[in-house]
2 protein chains.
Amino acid sequence: MIKIAIDAMGGDFGPAPIVEGVLQALSEASFEAILVGKRAEIEPLVPKGLESRISYEEASDVFDMDEMATDALKRKDSSIYKAIELVRNGSADAVVSAGHSGATMSLATLRIGRLDGVSRPPIATLMPTIIRGKKTLVLDVGANVDCKPEHLFEFAVMSEAYAQQILRIQKPKISLLSNGEEDCKGNETSKAAFELLKKMDNFVGNAEGNQVFDGSVDIIVCDGFVGNILLKTAEGVSGAISKIIKRNIKESAIAMIGAVLLKRVFKKLKNDVDYDEYGGAPLLGVKKCTIISHGKSSPKAIKNAIFQSIKFSQSNINEQIISKLASYNQ
Amino acid sequence: MIKIAIDAMGGDFGPAPIVEGVLQALSEASFEAILVGKRAEIEPLVPKGLESRISYEEASDVFDMDEMATDALKRKDSSIYKAIELVRNGSADAVVSAGHSGATMSLATLRIGRLDGVSRPPIATLMPTIIRGKKTLVLDVGANVDCKPEHLFEFAVMSEAYAQQILRIQKPKISLLSNGEEDCKGNETSKAAFELLKKMDNFVGNAEGNQVFDGSVDIIVCDGFVGNILLKTAEGVSGAISKIIKRNIKESAIAMIGAVLLKRVFKKLKNDVDYDEYGGAPLLGVKKCTIISHGKSSPKAIKNAIFQSIKFSQSNINEQIISKLASYNQ
């Protein structure tokens with residue numbers, strides 16, 4: 001039985017939504033959960049009768065969102081440190097954390113360790129597109145702000161394995177984020193990465209920011225600085241549009257009736273672009289599955305993050321990453 | 001009387017929308033227009049009786065959108081080259097072009113020339129925010145893909161002058177685009193730029209991608225690679241949301257009635273985020289006003305680009321850029 005360590009304390013809203021997500025996941029999938037954190041706070045949230053599927057790992061400390069990721073290694077009693085240790089020592093197969101993403105990332109990289117051939121583990125996230133059911137995998141979205149061309153190449157190789165093993169896309173269209181579609185576009189780093197990426201059969205060239213959402217490619221590779229800006233810009237635009245529409249609706253009675261009639265359309269839009277549907281972003285290139293969820297994760301997001309970690313742990317993605325990277329390094 | 005040279009040929013839709021925009025501008029503002037391009041194609045679009053306010057500069061060649069900007073200098077008979085030359089030789093005070101932006105930019109930089117103290121002229125664009133009437137100035141959005149910290153500092157100084165002279169914001173909140181708001185966030189270049197920007201009284205620190213749209217800052221500085229990606233991402237998200245809403249509306253009769261009732265709300269949204277309202281992005285740091293418009297500019301966009309160029313030419317922005325840069329270089 002697959003064992004998933006869950007940092008029950010790290011999220012913005014405390015243990016309640018996280019434990020609720022774990023309970024939902026347990027009712028739908030077969031796995032064992034290890035809840036890491038202050039047992040006295042967590043256990044009252046768990047109904048009786050689940051003793052065989054839920055265990056606890058005491059952690060007296062919580063690593064706060066506003067702390068420096070560089071301090072994470074010293075905080076050996078924090079829930080995120082202990083959750084990572086469970087994976088490191090083989091007591092768990094995967095870890096899901098809605099806590100400090102930088103801390104999760106550096107602890108996973110340093111304590112669980114990188115796969116052979118991986119220099120920098122990237123965070124890969126799925127973004128919605130206008131094509132129903134189709135997502136674009138974007139990486140790195142924040143783990144590595146300064147990247148060399150070789151790092152971007154490694155990200156592409158890892159994302160190809162992820163697309164093939166987890167998303168079931170055998171020939172993913174891999175692209176490089178740039179300031180234009182033409183081969184000649186890019187900054188110094190991306191131009192050098194473009195040359196390296198030509199080695200990959202599935203590399204289709206440069207992609208522009210709007211291609212994240214049009215479904216024209218499966219994977220977009222960038223450094224973590226640009227990836228974070230892309231993510232926040234996308235959030236900012238959709239948040240702004242929704243606010244402007246709501247404000248304008250409030251100013252007119254006719255519009256308010258229209259909005260009621262359109263309620264289902266707006267709800268559908270929310271579902272189409274719903275982050276909770278996948279629930280978290282995997283850190284690729286570490287020896288065991290590490291899923292990084294949003295601090296504001298809902299129970300549904302945590303449930304889906306756990307499902308992702310199960311799928312990841314049951315796949316051969318890590319073996320494939322190692323062998324792909326080795327084949328290019330020959 | 002201010003004289004504006006307009007590349008009448010460079011846009012995606014030929015001279016018609018550009019000439020129409022010029023005519024609209026002439027009916028509302030006091031200036032003289034020099035239409036640059038194939039006179040035989042342009043003149044039939046102009047009604048009689050405007051001879052005193054419209055003149056023509058023959059240009060037999062058009063620099064196409066898919067050509068390399070590096071070839072622009074050789075194409076001496078192109079409409080963009082000739083429009084820039086009119087400014088260079090003093091026959092015009094400003095140039096407006098909806099043609100190849102790279103060509104416009106490099107011709108303006110090389111032929112009109114940079115202001116004292118300016119290393120790299122950036123393109124500055126205004127982005128809509130959730131606060132009605134408030135825009136965020138973002139630069140560079142594409143002129144310079146690889147930037148040194150000093151270049152980002154210069155962009156900030158130029159944008160401050162623009163905000164004060166053109167936007168009438170005396171104490172603009174200037175920020176640096178980064179992967180987090182905290183002072184410690186950033187890549188190598190942005191961190192070094194952060195240190196330089198501390199010299200500016202109006203520098204308020206790092207901003208994230210979503211802050212472009214929330215009205216919390218007036219200016220966001222970034223390199224042209226990231227700026228282009230930010231712009232395209234924003235376009236992509238708003239385009240995707242509009243497409244998903246339209247598709248979902250079509251699937252339900254009730255929703256279609258709702259959409260009719262909401263027509264004015266959607267129209268208002270379009271106005272709130274309307275690019276045409278400012279019509280073009282100035283290239284800052286060159287000796288004369290150069291406005292770069294979108295290839296797909298409507299007549300309204302061209303009209304507003306001309307208004308911008310008039311405002312720019314009547315201001316002291318260039319003197320202020322020179323003196324501000326000089327004061328920091330002492």
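Chain letters run A, B, ... following the sequence lines, proteins first, then strands; residues in each count from 1.
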Colleague: Without swapping roles, check the side chain of N144(A) against the backbone of C147(A) for a donor-acceptor pair under 3.5 Å.
Modeller: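 Here the side-chain-to-backbone pair does not exist.
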
Colleague: Give the interface residues of residues 207-220 of chain B toward chain A, defined by a heavy-atom separation under 4.5 Å.
Modeller: E208(B), G209(B), N210(B), F213(B)

Colleague: Using a cut-off of under 4.5 Å for heavy-atom pairs, which of V237(A), T129(A), N187(A) has the most such pairs with chain B?
Modeller: N187(A)

Colleague: Do you know which of G258(B), C222(B), G227(B) has the most heavy-atom pairs under 4.5 Å to chain A?
Modeller: G258(B)

Colleague: If we define contacts as heavy-atom pairs under 4.5 Å, which of T233(A), V145(A), N228(A) has the most with chain B?
Modeller: T233(A)

Colleague: Would one find more than 12 heavy atoms of other residues, nucleotides or ligands at under 6.0 Å from atom NZ of K191(B)?
Modeller: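 Atom NZ in K191(B) is packed in, count exceeds 12.
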
Colleague: Quick check on the interface: out of T189(B), I130(B), D146(B), who has the most heavy-atom pairs with chain A under 4.5 Å?
Modeller: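 Maximum pair count with chain A is reached by D146(B).
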
Colleague: Do you know which of R264(A), K263(A), M256(A), R247(A) has the most heavy-atom pairs with chain B at a distance under 4.5 angstrom?
Modeller: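 The answer is R247(A).
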
Colleague: What part of M68(A) is in contact with chain B, defined as an atom under 4.5 angstrom from a non-hydrogen atom: side chain, backbone, both or neither?
Modeller: side chain

Colleague: Would the distance check show the side chain of H100(A) and the main-chain N or O of G10(A) forming a donor-acceptor pair, the cut-off being under 3.5 Å?
Modeller: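 Flag not set: sc H100(A) to bb G10(A) has no pair under 3.5 Å.
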
Colleague: What residue in C184(B), G224(B), A234(B) has the most heavy-atom pairs under 4.5 Å with chain A?
Modeller: A234(B)

Colleague: Where along residues 248-255 of chain A does a heavy atom come under 4.5 Å of chain B, listed by residue number?
Modeller: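 Only N248(A), I249(A), E251(A), I254(A), A255(A) of residues 248-255 of chain A have a heavy atom under 4.5 Å from chain B.
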
Colleague: So does E195(A) pair up with K198(A), basic N to acidic O under 4.0 Å?
Modeller: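 Result for this pair is yes, salt bridge flagged.
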
Colleague: Looking at G239(A), S178(A), A259(A), S238(A), which has the largest count of heavy-atom pairs under 4.5 Å with chain B?
Modeller: S178(A)

Colleague: Taking the side chain as every heavy atom from C-beta outward, state whether S190(B) and F225(A) have any pair of such atoms under 4.5 Å apart.
Modeller: yes

Colleague: Who among R132(B), K185(B), E182(B), M127(B) has the most heavy-atom pairs with chain A under 4.5 Å?
Modeller: R132(B)

Colleague: Has R75(B) got a side-chain atom pairing as donor or acceptor with V62(B)'s backbone, closer than 3.5 angstrom?
Modeller: yes

Colleague: Check whether H294(A) reaches the backbone of S297(A) with its side chain - one donor and one acceptor, N or O, closer than 3.5 Å.
Modeller: no

Colleague: Without swapping roles, check the side chain of D140(A) against the backbone of G142(A) for a donor-acceptor pair under 3.5 Å.
Modeller: yes

